[in-house]
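Each chain gets a letter, A, B and so on, in the order the sequences are listed, and its residues count up from 1. Note that this is a predicted model, so its numbers are computed, not measured.
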2 protein chains.
Amino acid sequence: MLESSKAAIDLDRAANVLKLLGDKTRLTMIKILDNHDACVCEFVEIFKTSQPAISQHVRKLKDAGLVRETRRGQWIIYSLNKDSEYFPLVKDLLLHLPNQDFRLKELEEQGLRISCE
Amino acid sequence: MLESSKAAIDLDRAANVLKLLGDKTRLTMIKILDNHDACVCEFVEIFKTSQPAISQHVRKLKDAGLVRETRRGQWIIYSLNKDSEYFPLVKDLLLHLPNQDFRLKELEEQGLRISCE
DNA sequence: TTATTATATAAGCGGATAGTTATATATCGA
DNA sequence: TCGATATATAACTATCCGCTTATATAATAA
């Protein structure tokens, strides 16, 4: 595909997005969200870290417009924001990363995923 | 292209590469190097910053294997390392960024690019 | 209403990061 | 060899970042 046929993203903002994705936890989150929506409590289990730490990560992703939140009862479900101007960039990026479905599978086996649905 | 047909990069290391590219100066450097090799002194002019600052940026890119250096007389010419395992990822990324050729053009108009060749 | 669960936010701390200045190394040209 | 140019490195500093703990908000369920 020709470069000119892509919507070029301002370098400043592209760098900011890449900085956000330049964190192992957030990058993994985005890769997971590429296949499945997820809530904070699931991420807490997956990353074995504190709930505030997770909340702060998803907030950054949300502030940048990369993810969206939808309240479902007590839970807030996060999903990739396909309308983001960065979505095409993110999508291309994710193609280079290994699938992370096994992480949610592990949760299901422990009966921890069902709790959020 | 199917995800499985791409060589997936370990998430840890991918995050590190994205962190490196999540800096405006380094991201611009890489975009420039996608079209033209360049030396430190050119980057100093382009980014209007100190020579040590530039040296430190290119060193990080070199340490990660993203760029290569070739000495040519007094100058050290930096170029994209096409053999890097991250090169396909970086290439895809760059497609989403605006062309930066105008920066080297400006140097040429000031007669500052020729000095390195 | 009260207890419980899920999430967000605020404050503070420690480590990482990007810049600075000063200095070292290396090449070139006279 | 000596001076100039190009680059690298080291030490320092200020800022940023991610985590922690403590607390607030919000929905649910008894």
Given [N], is OP1 or OP2 found less than 4.0 Å from the side-chain N or O atoms of [X]?
| X | N | answer |
| --- | --- | --- |
| A:K60 | D:dG18 | yes |
| A:Y78 | C:dA8 | yes |
| B:T49 | C:dT20 | yes |
| A:S50 | D:dT20 | yes |
| A:R71 | C:dA6 | no |
| B:H57 | C:dG19 | yes |
| A:R59 | C:dT9 | yes |
| A:K19 | C:dT17 | no |

| side chain to side chain contact (heavy atoms under 4.5 Å, CB included), paired with A:L66, selected from A:V58, A:V17, A:L80 |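 For A:L66, the side chain to side chain contact (heavy atoms under 4.5 Å, CB included) check succeeds only for A:V17.
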Mind calculating the distance between [atom1] ([X]) and [atom2] ([N]) to the nearest angstrom?
| X | N | atom1 | atom2 | value |
| --- | --- | --- | --- | --- |
| B:L27 | C:dT17 | CG | P | 17 Å |
| A:F43 | C:dA8 | CZ | P | 11 Å |
| B:W75 | C:dC28 | CH2 | P | 9 Å |
| A:Q56 | D:dA22 | CD | C1' | 12 Å |
| A:D23 | D:dC17 | CG | P | 11 Å |
| A:M29 | C:dT7 | CE | C1' | 13 Å |
| A:I77 | C:dA8 | CD1 | P | 11 Å |
| A:D63 | D:dC16 | CG | P | 16 Å |

Check: [X] side chain, [Y] main-chain N or O, donor-acceptor pair, under 3.5 Å:
| X | Y | value |
| --- | --- | --- |
| A:E106 | A:R103 | no |
| B:K31 | B:L94 | yes |
| A:R13 | A:A15 | no |
| B:R26 | B:T28 | no |

| query | Is any side-chain N or O of A:Q74 under 3.5 Å from a base N or O of C:dT5, one able to act as donor and the other as acceptor? | reply |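 Under the 3.5 Å cut-off, the side chain and the base do form a donor-acceptor pair.
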| request: Confirm from the modelled atom types if B:Q51 and D:dA8 form a donor-acceptor pair under 3.5 Å, side chain to base only. | output: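 Checked by distance alone, the answer is yes.
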| task | Assign each of A:T25 and B:V58 to its nearest nucleotide of DNA chain D by heavy atoms, then name whichever residue's nucleotide is nearer the 5' end. | result |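 Closer to the 5' end of DNA chain D: B:V58.
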Would you mind telling me which of [options] lies closest to the side-chain atoms of [X]?
| X | options | result |
| --- | --- | --- |
| A:V40 | C:dT7, D:dT20, D:dA8 | C:dT7 |
| A:S55 | C:dT7, D:dA10, D:dC19 | C:dT7 |
| B:P52 | D:dT7, C:dT21, C:dA8 | C:dT21 |
| B:I76 | D:dT7, C:dT20, C:dT9 | D:dT7 |

| Which part of the nucleic acid does B:K24 contact within heavy-atom distance under 4.0 Å: base, sugar-phosphate only, or nothing? |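 Result for B:K24 = nothing.
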| message | Show, in sequence, the C-alpha distance, side-chain angles and deciding distance for B:I30 and B:L20, and conclude whether the side-chain contact (heavy atoms from CB on, under 4.5 Å) test is met. | response | CA-CA 10 Å; B:I30 292 284; B:L20 280 180; over 6 Å; no
